[in-house]
Amino acid sequence: MRVDVWSDVNCPWCYITKRTFEQALERSGRTDVEVVLHPFQIDGEQPEHATPLLEWLAGKYGADRARFMDEQVTAAGPRHGIAFRNAAGFNANTLNAHRLLGHAHRVHGRPVQSRLEELVFAAMFTEHEDISDVGVLADRAERSGMDREAAEAYLRSTDGYEDVRAEVRAARAAGITTVPRFAFDHGQVVEGAQEDPAVFLAALAGPPAVRDEPDVRHEPDPHPLPEETLR
């Protein structure tokens with residue numbers, strides 16, 4: 001089974017939903033699931049410089065809604081082992097992070113990419129780091145099992161920029177506007193914040209069984225009853 005995932009590393013519900021999906025995957029016992037991560041940039045390539053997270057949210061949604069969003073995700077975090085510290089955090093351009101995640105997958109495969117994704121989420125939401133910074137990302141690369149110098153050299157190159165931008169454009173052209181988004185190869189799509197593993201367990205079980213309808217066709221009766229007996 002293949003599952004295509006669109007996510008952004010400055011999205012707190014993407015962080016929570018990743019853990020929900022992985023919990024469901026473990027419970028399912030399936031070992032044949034290929035997870036393919038695709039980049040998405042909720043804010044495009046903004047902000048230009050790291051900006052205090054709640055300040056950014058207030059500028060985008062208004063102070064009251066920003067406060068509600070922070071309270072909501074902060075309350076949800078402990079249910080998934082995450083201690084959000086958004087008041088001290090920063091929003092940043094996620095382009096470099098997506099470049100590095102793509103590179104991790106190409107060179108090391110999905111397990112290292114998944115570990116790196118977790119570390120970048122944590123840097124953003126619990127360690128109040130600037131996840132556009134090359135040094136911050138190289139540190140997380142090393143902790144995920146990658147070679148730090150090689151990761152830093154990649155980030156300082158021009159590689160991967162157009163690959164990420166092309167994928168983000170393709171996602172938007174396909175009508176994707178909400179992340180996280182999990183598209184299962186049997187056609188089911190799970191979109192938006194998910195805290196209940198049951199949603200993913202159902203999707204991992206495959207599409208609903210299609211029942212064979214009984215054949216209701218009948219051959220003409222060679223000995224029909226006289227019409228008056230049917231009245």
Side-chain angles (χ1 to χ4, degrees), residues 2-19 21-22 25 33-53 56 82 84-86 88-174 176 179-183:
R2 172 170 166 147
V3 184
D4 288 272
V5 181
W6 285 264
S7 178
D8 198 359
V9 284
N10 70 349
C11 164
W13 289 107
C14 293
Y15 190 7
I16 286 173
T17 303
K18 178 180 186 289
R19 291 202 169 180
F21 171 75
E22 289 173 350
L25 185 58
V33 177
E34 177 190 9
V35 176
V36 181
L37 182 66
H38 301 276
F40 194 84
Q41 290 196 276
I42 295 171
D43 297 314
E45 295 183 23
Q46 297 294 324
E48 184 178 355
H49 304 290
T51 302
L53 180 54
W56 173 265
I82 304 168
F84 285 95
R85 297 183 176 90
N86 296 329
F90 297 91
N91 193 26
N93 182 351
T94 59
L95 181 60
N96 270 342
H98 285 303
R99 289 175 60 223
L100 186 61
L101 286 165
H103 180 66
H105 183 262
R106 287 188 296 273
V107 176
H108 301 283
R110 175 59 187 166
V112 169
Q113 183 192 48
S114 181
R115 287 197 296 273
L116 176 62
E117 188 181 12
E118 278 280 330
L119 290 165
V120 174
F121 274 132
M124 166 99 188
F125 291 110
T126 72
E127 298 161 3
H128 37 84
E129 297 276 15
D130 172 4
I131 62 168
S132 66
D133 182 80
V134 168
V136 168
L137 291 173
D139 176 68
R140 272 63 189 179
E142 182 176 32
R143 287 163 56 185
S144 73
M146 299 172 69
D147 180 86
R148 181 191 176 96
E149 290 185 6
E152 186 166 347
Y154 176 81
L155 287 166
R156 295 193 185 282
S157 76
T158 59
D159 294 346
Y161 281 106
E162 291 311 312
D163 293 336
V164 171
R165 288 169 174 149
E167 281 214 64
V168 172
R169 284 195 302 269
R172 294 191 185 279
I176 296 173
V179 291
R181 177 185 172 92
F182 292 72

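Without hydrogens or angle criteria, Ser114 side chain to Pro111 main chain gives no donor-acceptor distance under 3.5 Å. In this structure, Asp8 contributes its side chain and Cys11 its backbone to no donor-acceptor pair below 3.5 Å. Side chain of Arg99 to main chain of Val164: no donor-acceptor pair is present (N/O by atom type, distance under 3.5 Å, no hydrogens or angles).
Atom CG of Leu137 and atom OG1 of Thr94 lie 10.5 Å apart (nearest 0.5 Å). Note that CD of Gln46 and CG of Leu95 are 11.5 Å apart. Values are rounded to the nearest 0.5 Å. Taken from CD1 in Ile176 to CZ in Arg181, the straight-line distance is 4.5 Å, to the nearest 0.5 Å. Taking CG of Asn96 as the start and CD of Glu45 as the end, the distance is 9.5 Å to the nearest 0.5 Å.
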Run the numbers on Ile82 and Phe121 for side-chain contact (heavy atoms from CB on, under 4.5 Å), then give the verdict. CA-CA 10 Å; Ile82 304 168; Phe121 274 132; over 6 Å; no
Kindly determine whether Tyr15 and Glu117 satisfy side-chain contact (heavy atoms from CB on, under 4.5 Å), including the steps that lead there. CA-CA 9 Å; Tyr15 190 7; Glu117 188 181 12; over 6 Å; no
Would you check, one step at a time, whether the test side-chain contact (heavy atoms from CB on, under 4.5 Å) holds for Phe182 with Thr17? CA-CA 10 Å; Phe182 292 72; Thr17 303; 3.6 Å; yes
Between Asp163 and His98, does the side chain to side chain donor-acceptor pair (under 3.5 Å) criterion hold? Intermediate values first, please. CA-CA 10 Å; Asp163 293 336; His98 285 303; over 6 Å; no
Apply side-chain contact (heavy atoms from CB on, under 4.5 Å) to Glu129 and Asp139, showing your working. CA-CA 11 Å; Glu129 297 276 15; Asp139 176 68; over 6 Å; no
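The two atoms that bring His128 and Ala88 nearest to each other are CB-O, 2.9 Å, heavy atoms only. When every heavy atom of Leu155 is checked against every heavy atom of Tyr161, the shortest pair comes out as O-OH, 4.3 Å. Contact record, Asn86 with Leu53: OD1-CD2, 3.6 Å, taken as the closest heavy-atom pair. Closest heavy-atom contact between Gly160 and Tyr154: CA-OH, 3.4 Å. The two residues Trp6 and Ala183 have their closest heavy-atom pair at CZ3-CB, 3.9 Å. The two residues Met124 and Val9 make their nearest non-hydrogen contact at CG-O, 3.9 Å.
Residue Glu149 qualifies as open at atom CD: its count of foreign heavy atoms under 6.0 Å is 12 or below.
Glu167 is not listed as a side-chain neighbour of Phe40, based on a closest heavy-atom distance of 4.5 Å or more. For the pair Leu101/Pro39, no side-chain contact is recorded, criterion being any heavy-atom separation below 4.5 Å from C-beta on. Two residues are said to be in side-chain contact when any heavy atoms from C-beta on lie closer than 4.5 Å; Met146 and Leu100 meet this criterion. Contact annotation: the side chain of Trp56 approaches that of Asp43 to within less than 4.5 Å [non-hydrogen atoms, C-beta and beyond]. Between Arg115 and His108 the shortest side-chain heavy-atom distance does not fall below 4.5 Å.
For the 3.5 Å distance criterion, the side chains of Asp130 and His49 fail to qualify, holding no donor opposite an acceptor. A side-chain N or O of Asn93 and one of Gln41 form a donor-acceptor pair less than 3.5 Å apart.
Using a 4.0 Å cut-off between a side-chain N of Lys or Arg and a carboxylate O of Asp or Glu, Arg165 and Glu162 qualify as a salt bridge. Of the charged side-chain nitrogens involved, at least one lies within less than 4.0 Å of a carboxylate oxygen, so that Lys18 and Glu118 count as a salt-bridged pair.
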